[in-house]
Participant: 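I'd like to ask some things about the structure below.
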Amino acid sequence: MAEDDIPTTGAIKDKLIRTKERWAEEGRLLTGTHGDPERDRLPPGQTLVRDWPVLDLGVQPDVAREKFRLRVEGLVENRIALDWDGFMALPQSEMVVDIHCVTQWSRYDNRFAGVKTADLLALAQPKPEARFVSMTSYDGYTTNLTLADFAADDVMLVHAFEGKPLERQHGAPVRLVLPRLYFWKSPKWITRIELLAEDRPGFWEVRGYHNRGDPWMEERYG
Ligand SMILES: Nc1nc2c(c(=O)[nH]1)N[C@H]1C(S)=C(S)[C@@H](COP(=O)(O)O)O[C@H]1N2
Ligand SMILES: [Mo]
C-alpha cells in the first residue's frame, strides 16, 4: 500500500487464517443460545480472561506518530486527513467497556481514551446516501460496519489504555474500539475510514465470519 515505508514485524499467519476459516465452516464454539445484554454481562459461549490477548494476522506495523494519518473519505461533505496533532486536537473522551473476541475470550472493564466516532463524523458530515463504513489498517486488514453501528455513542478511536499510550501490539497509535460487537470489528492500526452507499465486506467477513457480529446473538459466522 502507499504507506509502504511503515516498518512491520512478523509474517502473515496463513495457518491461523486457515484455522479460523475452518472454524467458520464447522460452526465451532456455537452454543445455539442467545443472551440478553441487559441481563447477561458475559455473552453466550464466551470465557472471561484477565490478561489482554493479542490477535492479528501476524504482521504488526510500527506506525510512528509522525507518520500516522487518519483519513475519512467517500460519501462525506468534508474529506478529512488528520496527522497525530490534528487527531489529538479533537475532543477527547474516555470509556470503560467490556470486549469480546469471537475466539471465545471476553475481558471486562477496559479503560480507553480517544476520540468518539460521533465527534469525527460531526466534522466529516456524512452525505445522506452514506449507510456503510469500510475501514483499512496499516497491515492491510479491512472490516465493515453499518454507519449506525460505527457512529454509536460508545464507539471510539482510541490511543490510550488504562492511562498509558496504547501498545503497538494492540494497534498503536490509533485503533477503533466498538464494544458491542465481536472484536474483529475493531481494527488496530487504523488509517482509513470510507463512507459508502453499499456494504463492502472485509477480511474476515469474506472468510465465513458474520457481517455484523453481535456477541449476544452469537453472530460468529455468517
Ligand atoms: N489491523 C488489524 N486489526 C485487527 C485485527 C488484525 O488482524 N489487524 N484482528 C482483529 C481481531 S480478530 C481481534 S480479536 C482484535 C484483537 O485485538 P487485540 O490484539 O488488541 O486483542 O483485533 C481486531 N483488529
Ligand atoms: Mo478475533
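All ligand and atom numbering here is 1-based and tracks the order in the structure. Values below: all heavy atoms of this structure, side chains included; hydrogens, waters and symmetry mates excluded.
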Participant: Around atom 14 (S) of ligand 1, find the nearest protein heavy atom and jot down its residue, atom name and distance.
Facilitator: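 Scanning the protein heavy atoms, the shortest distance from atom 14 (S) of ligand 1 goes to Cys101 SG, 3.2 Å.
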Participant: Looking only at distance, does Leu55 have an N or O less than 3.5 Å from an N or O of ligand 1?
Facilitator: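 In this structure, Leu55 places an N or O atom under 3.5 Å from an N or O of ligand 1.
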Participant: Does any N/O atom on Trp204 come nearer than 3.5 Å to any N/O atom on ligand 1?
Facilitator: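 No, since none of the N or O atoms of Trp204 sits under 3.5 Å from an N or O of ligand 1.
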Participant: Under a 4.0 Å heavy-atom limit, does Phe183 contact ligand 1 with its side chain, its backbone, both, or neither?
Facilitator: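 For Phe183, the contact with ligand 1 is made by both the backbone and the side chain.
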Participant: Taking only non-hydrogen atoms of Lys20, do any sit less than 4.0 angstrom from ligand 1?
Facilitator: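 A heavy atom of Lys20 does come that close to ligand 1.
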Participant: Using a strict cut-off of 4.0 Å, indicate which atoms of ligand 1 neighbour a heavy atom of Pro187.
Facilitator: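 Near Pro187, meaning under 4.0 Å from one of its heavy atoms, ligand 1 has 3 (N), 24 (N).
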Participant: Taking distance alone, with no angle check, do His170 and ligand 1 share an N/O pair under 3.5 Å?
Facilitator: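 His170 vs ligand 1: N/O contact under 3.5 Å present.
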Participant: Distance under 6.0 Å and angle within 45° of the ring axis: does Arg200 meet both against Phe132?
Facilitator: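 Cation-pi check for Arg200 and Phe132: fails.
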Participant: Just checking Tyr209 against Trp204, ring centres under 6.0 Å apart?
Facilitator: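 For Tyr209 and Trp204, the ring centres are under 6.0 Å apart.
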Participant: Looking only at distances, can you tell me whether any N or O atom of Asp56, backbone or side chain, sits closer than 3.5 Å to an N or O atom of ligand 1?
Facilitator: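 In fact, backbone or side chain, Asp56 has no N or O that close.
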Participant: Would you say that Val155 contacts Val177 through its side chain, given a criterion of any heavy-atom pair below 4.5 Å between the two side chains?
Facilitator: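 No. Closest side-chain heavy atoms not under 4.5 Å.
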Participant: Quick one: look up the protein heavy atom nearest atom 3 (N) of ligand 1 and list residue, atom name and how far away it is.
Facilitator: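 Among all protein heavy atoms, the one nearest atom 3 (N) of ligand 1 is Lys188 N, 2.8 Å.
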Participant: With no hydrogens and no angle check, is any side-chain donor or acceptor of Arg79 less than 3.5 Å from a backbone partner on Gly74?
Facilitator: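 Checking the backbone N and O of Gly74 against the side chain of Arg79, no donor-acceptor pair under 3.5 Å is found.
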Participant: For Gly171 and ligand 1, answer yes if some heavy atom of the residue is under 4.0 Å from a ligand atom, otherwise no.
Facilitator: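 It does not; every heavy atom stays at 4.0 Å or beyond.
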Participant: With a cut-off of 4.0 Å, which atoms of ligand 1 are near a heavy atom of Trp52?
Facilitator: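 Numbered from 1, ligand 1 contributes 18 (P), 20 (O), 21 (O).
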Participant: Given side chains that start at C-beta, do those of Val133 and Ile193 come closer than 4.5 Å, heavy atoms only?
Facilitator: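 Side chain of Val133 against side chain of Ile193, heavy atoms only: contact under 4.5 Å found.
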Participant: With only distance considered, is Trp105 within less than 3.5 Å of ligand 1 through an N or O on each side?
Facilitator: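 By distance alone, the answer is no.
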Participant: Looking only at protein heavy atoms, which one is nearest to atom 24 (N) of ligand 1, and what is the separation?
Facilitator: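 Going by distance alone, atom 24 (N) of ligand 1 is nearest to Ser186 O, 3.1 Å.
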Participant: Mark yes when over 12 heavy atoms from residues, nucleotides or ligands other than Arg131 sit less than 6.0 Å from its CZ; otherwise mark no.
Facilitator: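 Open.
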Participant: Heavy atoms only, cut-off 4.0 Å: how does Trp184 contact ligand 1, side chain, backbone, both, or neither?
Facilitator: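 Both of them.
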Participant: Salt bridge or not for Glu21 and Arg18, using N-O below 4.0 Å?
Facilitator: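 Looking at Arg18 together with Glu21, the answer is yes, because their closest N to O distance falls below 4.0 Å.
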Participant: Can you report which non-hydrogen protein atom sits closest to atom 8 (N) of ligand 1, along with the distance?
Facilitator: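 Checked against all protein heavy atoms, atom 8 (N) of ligand 1 sits closest to Asp139 OD2, 2.7 Å.
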Participant: Could you tell me the residue and atom name of the protein heavy atom closest to atom 21 (O) of ligand 1, and the distance to it rounded to 0.1 Å?
Facilitator: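 Heavy-atom neighbour on the protein nearest atom 21 (O) of ligand 1: Pro53 O, 2.7 Å.
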Participant: So that I know where these two stand, are His210 and Trp184 an aromatic pair - ring centroids less than 6.0 Å apart?
Facilitator: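 No; Trp184 has its ring centre 6.0 Å or more from that of His210.
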Participant: Below 4.0 angstrom from a heavy atom of Ser137, which ligand 1 atoms are there? Numbered from 1 as shown, please.
Facilitator: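 Taking each heavy atom of Ser137 in turn, ligand 1 has 1 (N) under 4.0 Å.
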Participant: Any side-chain heavy atom of Ser93 sitting closer than 4.5 Å to one from Asp119?
Facilitator: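 Yes - at least one pair of side-chain heavy atoms lies under 4.5 Å apart.
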Participant: What atoms of ligand 1 come within less than 4.0 Å of a heavy atom belonging to Trp189?
Facilitator: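 In order of numbering, the contacting atoms are 1 (N), 2 (C), 8 (N).
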Participant: Would Leu57 count as a polar contact of ligand 1, with the cut-off being nitrogen or oxygen pairs under 3.5 Å?
Facilitator: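 It does: an N or O of Leu57 is found under 3.5 Å from an N or O of ligand 1.
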Participant: What is the ring orientation for Tyr138 with Phe68, classed by angle as parallel under 30°, tilted 30 to 60°, or perpendicular over 60°?
Facilitator: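 Judged by the thresholds at 30° and 60°, the geometry between Tyr138 and Phe68 is tilted.
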Participant: Is Arg175 close to ligand 1, meaning an N/O of one under 3.5 Å from an N/O of the other?
Facilitator: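 Between Arg175 and ligand 1, an N or O pair is found under 3.5 Å apart.
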Participant: Checking contacts here: is it the side chain or the backbone of Tyr182 that comes within 4.0 Å of ligand 1, counting heavy atoms only? Could be both or neither.
Facilitator: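 Neither part.
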Participant: Please report the C-alpha distance between Trp52 and Phe161 in whole Å, then the side-chain angles of each, then the deciding distance to 0.1 Å, and finally whether the ring pair (Phe, Tyr, Trp, His ring centres under 6.0 Å) criterion is met.
Facilitator: CA-CA 11 Å; Trp52 184 5; Phe161 172 72; 4.6 Å; yes
Participant: Compare every heavy atom of Val174 with every heavy atom of Leu157, then report the nearest pair and how far apart it is.
Facilitator: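 So the minimum-distance heavy-atom pair works out to CB-CG1, 3.9 Å.
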Participant: Less than 3.5 Å apart, any donor N or O on the side chain of Gln60 or Trp189 sitting next to an acceptor on the other?
Facilitator: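 Result is no, nothing qualifies.
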